[in-house]
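Computed from a predicted structure; not experimentally measured.
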Amino acid sequence: MSQRPSWDEYFMEMAELARKRSTCLRRSVGAVIVKDNRVIATGYNGVPRGIRHCEETGCLRQQLNVPSGKMHELCRGLHAEQNAIIQAACMGSSIEGGTLYCTTQPCVICTKMIINAGIRRVVIKETYPDELAQEMAAEAGLVIDVLEGAHE
């Protein structure tokens, strides 16, 4: 009989599954928002609905050689965390006090949204070099836990 996964492992596997829907050409990310051990919303990074995917249009950031973590406004897509927060809002579901599971550590833009949405804890698998995001999370009391076995 296989070992039962912890809640963190269970929900991170769901984030990994969401990641497979990503349409980003540079980095695939998945997110799951959970409250009281129940899934509220999921998200993956990609363009808004009704917009052509980057596979068709090409990646502007790649064409301009924009380094990772810089000039997010030049991207046609939304981050997985943003899409999960938007999905919860569209469904009328409160995520205040919830936990966000994300395959990659949130950037500063997503961190600000997570803080204002009232999410209290973020569990990540991969770290991301965004010092301002880390500083703001710490100042707001947002707990960021790296799932064991995660890597940079």
inquiry  = Are more than 12 heavy atoms, taken from residues, nucleotides or ligands other than Arg21, located less than 6.0 Å from that residue's CZ atom?
reply    = no
message = I'd like to know if Glu139 and Lys112 make a salt bridge, using a cut-off of under 4.0 Å between side-chain N and carboxylate O.
response = no
task = Measure from the side-chain N and O atoms of Glu9 to the backbone N and O of Ser6, and report whether any donor-acceptor pair falls under 3.5 Å.
result = yes
Stepwise side-chain contact (heavy atoms from CB on, under 4.5 Å) test for Arg27 and Tyr128 = CA-CA 12 Å; Arg27 180 191 307 262; Tyr128 184 77; 3.5 Å; yes
request  = Treat each ILVMFWY residue as a node, draw an edge where side-chain heavy atoms are under 4.5 Å apart, and state whether Leu25 and Val66 are in one component.
outcome  = no
request  = Return the minimal non-hydrogen interatomic distance between Ala117 and Ile95, and the atom names on each side.
outcome  = CB-CD1, 3.7 Å
task = Would you sort out whether Thr103 and Glu126 count as a side-chain contact (heavy atoms from CB on, under 4.5 Å), showing the intermediate values?
result = CA-CA 6 Å; Thr103 57; Glu126 300 170 4; 5.5 Å; no
message = Determine whether a donor-acceptor pair (N or O, by modelled atom type, separation under 3.5 Å) exists between the side chain of Glu96 and the backbone of Gly118.
response = no
query = Are Ile33 and Leu142 grouped together when hydrophobic residues (ILVMFWY) are joined by side-chain heavy atoms under 4.5 angstrom apart?
reply = yes
remark   = All heavy atoms of Cys59 vs all of Arg26, minimum pair found to be SG-CD, 3.6 Å
query = Mind checking whether Leu100 and Glu81 have side chains closer than 4.5 Å, heavy atoms only?
reply = yes
inquiry  = Using a 3.5 Å distance criterion without hydrogens, assess whether the side chain of Asn45 forms a donor-acceptor pair with backbone atoms of Ala80.
reply    = no
ask   = Going through the checks in order, is the side-chain contact (heavy atoms from CB on, under 4.5 Å) test met by Cys102 and Val29?
value = CA-CA 7 Å; Cys102 194; Val29 180; 3.6 Å; yes
key: Side-chain donor or acceptor of Ser93 paired with backbone N/O of Ile40 under 3.5 Å   = no
Heavy-atom check, side chain of Thr23 versus side chain of Cys54, under 4.5 Å = no
CD/Glu56: more than 12 non-hydrogen atoms of other groups inside 6.0 Å = yes
message = Is there a continuous path of hydrophobic side-chain contacts, each under 4.5 Å between heavy atoms, that joins Met14 to Leu147?
response = yes
request  = State, to 0.1 Å, how close Pro106 and Ile124 come at their nearest heavy-atom pair, and which atoms those are.
outcome  = CD-CG2, 3.9 Å
inquiry  = Could you measure the distance from the CD1 atom of Ile144 to the OG1 atom of Thr111? Nearest 0.5 Å is fine.
reply    = 5.5 Å
key: Qualifying residues under ring-ring contact (aromatic ring centres under 6.0 Å, His included), relative to His72, sequence neighbours excluded   = His79
request  = Would you name the heavy atoms of Ala41 and Ala88 that are closest together and state the gap between them?
outcome  = CB-N, 3.8 Å
message = Within the structure provided, determine whether Ile109 and Gln82 are in side-chain contact (heavy-atom separation under 4.5 Å).
response = yes
Minimum-distance pair of heavy atoms, taken over all atoms of Asn83 and Gly46 = ND2-O, 4.0 Å
inquiry  = I need the minimum non-hydrogen distance between Cys107 and Ala133, along with the two atoms involved.
reply    = C-CB, 3.7 Å
message = Just so I know, are the side chains of Tyr101 and Arg121 near enough to count as touching, which here means a heavy-atom distance under 4.5 Å?
response = yes
key: Side-chain heavy-atom pair Asp145, Val122 within 4.5 angstrom cut-off   = no
inquiry  = Quick check: do Val143 and Arg120 have side-chain heavy atoms less than 4.5 Å from each other?
reply    = no
query = How are the rings of Tyr10 and Trp7 set relative to one another: parallel (under 30°), tilted (30 to 60°) or perpendicular (over 60°)?
reply = perpendicular
message = Under a 3.5 Å distance rule, please check whether Arg76 uses its side chain to pair with a backbone N or O of Thr57 as donor and acceptor.
response = no
ask   = Taking NZ, NE, NH1 and NH2 as the nitrogens, is one of them in Lys125 or Glu16 under 4.0 Å from a carboxylate oxygen of the other?
value = yes
query = Any side-chain heavy atom of Val32 within less than 4.5 Å of one from Val39?
reply = yes
Val34 backbone acceptor or donor facing Thr99 side chain under 3.5 Å = no
query = Given side chains that start at C-beta, do those of Met136 and Val108 come closer than 4.5 Å, heavy atoms only?
reply = yes
key: Any donor-acceptor N/O pair, Arg61 side chain to Met71 backbone, under 3.5 Å   = yes
query = Is Ile85 reachable from Leu78 through a run of I, L, V, M, F, W or Y residues, each pair having side-chain heavy atoms under 4.5 Å apart?
reply = no
key: Other residues, nucleotides, ligands: >12 heavy atoms within 6.0 Å of Asp36 CG   = no
